[in-house]
Amino acid sequence: MARTKKLRMFLFATLMVFFLLTGCNSESSGSGNEGSSSDSGAKEDKIVVGFSQIGAESGWRTAETESIKETLGNDPQYKLKFSDAQQKQENQIKALRSFIAQKVDVIALAPVVESGWETVLQEAKNSGIPVILLDRGIDVEDESLYTSFIGSDFIVEGENAAKELIKLMGKDSQVNIVELQGTVGASAANDRMEGFANIIKEHPNYKIIKSQSGDFTRSKGKEVMEAFLKSDGENIDAVYAHNDDMALGAIQAIEEYGLKPGEDIKIVSVDGIKDIFEAVIAGKSNIIVECNPLLGPQLAQAAKDLHAGKEIEKWIKTEEEVFVGKEEAEAALPSRKY
Ligand code: AHR
């Protein structure tokens with residue numbers, strides 16, 4: 001009998017040690033990529049935010065991820081569950097379902113594309129979990145499927161890109177433009193295309209002669225620009241890139257082709273990462289339309305307000321500027337945060 005009792009006590013002690021070593025981490029991650037947490041503390045009084053990020057395709061995207069991780073990860077009021085979708089909507093839907101199952105307080109979603117969100121957003125709504133869209137919008141008839149959108153007006157960005165290009169090149173010039181589009185189906189690509197076209201259509205001497213997706217990446221931007229140069233090389237007067245990374249890829253392609261980016265071919269792009277400021281200062285690019293990725297503080301405030309039962313605005317807009325030419329880029333670079 002004494003030996004059986006000792007054995008039971010030994011088993012009990014072993015089990016206790018096992019639970020102590022493994023149990024405290026049960027919140028920190030879902031299966032696979034759905035919700036690695038920046039905090040392994042207790043959940044009770046923290047505001048738990050599940051964030052489904054698109055991926056890491058650009059300098060802008062990296063800055064957005066860092067802003068959110070820094071703001072929510074360093075503030076003890078919040079617990080952040082982060083998931084990287086690697087550019088796939090199916091991964092984002094899976095992450096959202098995992099956040100719903102984990103009963104997070106708020107879901108933040110940077111949607112890779114505009115369409116196809118109704119079912120999963122209805123599931124979040126049925127569970128009473130508010131969804132905040134970050135930086136990119138979605139196309140849904142029922143706008144009650146999300147609580148708020150934090151981000152820029154991409155149509156205005158496209159319009160500003162066209163206005164500044166026309167100012168730079170002169171409204172009476174004959175200008176052939178090639179367009180490097182963002183990810184197919186993304187609001188950032190659709191709206192920047194629409195905004196630019198809105199202005200260009202009033203100027204028949206400005207023509208978009210080629211337009212193709214470069215997926216918001218530097219390598220694809222270079223590849224597409226190489227193809228444009230091959231087919232239309234001497235005819236291209238300007239590049240409109242939906243983001244800086246693609247513009248930086250295009251700059252390389254133009255140099256390798258033997259022309260001078262920023263001089264022989266003018267360049268306008270959207271985002272405002274440090275690398276493009278440096279390119280403008282070096283005379284290799286011309287116009288920067290800023291799009292602010294530092295959305296962490298606004299997301300934190302929105303999550304806090306919702307947690308406190310307050311109403312928040314349907315569209316929390318970000319403030320942005322346009323920078324044209326070397327002098328403006330030089331003056332702005334020292335204070336750029338991304
Ligand atoms: O949705 C914002 C866009 O996505 C940025 O302009 C681009 O760089 C990013 O990848």
Side-chain angles (χ1 to χ4, degrees), residues 51-68 84-89 91-92 108-115 117 132-139 146 148-162 179-196 212-222 224-225 239-251 267-277 279 285 287-296 298-299 315-323 336-338:
F51 173 38
S52 168
Q53 176 59 295
I54 292 169
E57 71 282 1
S58 63
W60 188 100
R61 183 70 48 204
T62 306
E64 186 194 46
T65 298
E66 278 168 9
S67 168
I68 287 160
D84 177 341
Q86 300 180 2
Q87 309 299 319
K88 292 201 175 86
Q89 184 178 35
N91 289 346
Q92 294 204 286
L109 167 68
V112 61
V113 290
E114 285 193 287
S115 58
W117 297 104
I132 297 175
L133 303 178
L134 272 190
D135 97 70
R136 291 189 190 171
I138 57 172
D139 189 11
Y146 67 91
S148 182
F149 166 64
I150 302 177
S152 319
D153 190 328
F154 294 143
I155 295 186
V156 170
E157 289 174 353
E159 289 175 350
N160 287 340
E179 181 178 32
L180 293 167
Q181 298 172 24
T183 304
V184 175
S187 67
N190 293 342
D191 292 353
R192 285 173 187 165
M193 194 154 47
E194 184 182 328
F196 194 82
Q212 195 181 316
S213 173
D215 274 346
F216 281 130
T217 67
R218 216 171 274 209
S219 56
K220 197 71 196 298
K222 180 170 186 257
V224 175
M225 189 67 205
V239 174
Y240 166 43
H242 289 188
N243 84 343
D244 294 341
D245 281 86
M246 292 189 294
L248 290 159
I251 288 171
I267 300 180
V268 51
S269 63
V270 187
D271 274 358
I273 61 172
K274 282 183 186 167
D275 288 358
I276 202 75
F277 276 85
S285 189
I287 301 162
I288 304 164
V289 177
E290 188 184 36
C291 177
N292 185 4
L294 308 177
L295 305 179
Q298 282 158 311
L299 174 61
W315 186 352
I316 301 170
K317 271 195 193 168
T318 46
E319 298 296 320
E320 274 127 19
E321 288 179 56
V322 177
F323 304 89
R336 298 300 297 169
K337 294 198 175 65
Y338 62 98

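The structure displayed is predicted, hence computed values, not measured ones. Counting starts at 1 for both ligands and their atoms, following the listed order.
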Which of the numbered atoms in ligand 1 are under 4.0 angstrom from any heavy atom belonging to A188? 1 (O)
Could you say whether the N/O atoms of N243 and ligand 1 ever approach to under 3.5 Å? yes
Within-cut-off N or O pair, H242 and ligand 1, under 3.5 Å: no
Could you check atom 2 (C) of ligand 1 against the protein and tell me its nearest heavy-atom contact, residue, atom and distance included? D135 OD1, 3.3 Å
If the cut-off is 4.0 Å to any non-hydrogen atom of E57, which atoms of ligand 1 fall inside it? 4 (O), 9 (C), 10 (O)
Flag the pair R61 and D245 as a salt bridge only when some basic side-chain nitrogen lies within less than 4.0 angstrom of an acidic carboxylate oxygen. no
Presence of salt bridge, K337 and E66, under 4.0 angstrom: no
Would you check if there is a donor-acceptor pair between the side chains of Q298 and T318 at a distance under 3.5 Å? no
Specify the protein heavy atom at minimum distance from atom 5 (C) of ligand 1: its residue, its atom name, and the distance to 0.1 Å. D271 OD1, 3.4 Å
Intermediate values then yes/no, side-chain hydrogen bond (donor to acceptor under 3.5 Å, both in side chains), S152 and E320: CA-CA 8 Å; S152 319; E320 274 127 19; 2.7 Å; yes
Within the 4.0 Å heavy-atom cut-off, what R192 brings close to ligand 1 is side chain
So H242 and F216, would you call those rings parallel, tilted or perpendicular, with 30° and 60° as cut-offs? tilted
Once rounded to the nearest 0.5 Å, what's the spacing between atom CD1 of I276 and atom OG of S269? 4.0 Å
Report yes if the side chains of L109 and Y146 come closer than 4.5 Å at any heavy-atom pair, otherwise no. no
Near S58, which atoms of ligand 1 are under 4.0 Å from a heavy atom of that residue? 7 (C), 8 (O), 9 (C), 10 (O)
Which of the ligand 1 atoms, numbered from 1, are nearer than 4.0 Å to a heavy atom of R61: 1 (O), 2 (C), 3 (C), 4 (O), 9 (C), 10 (O)
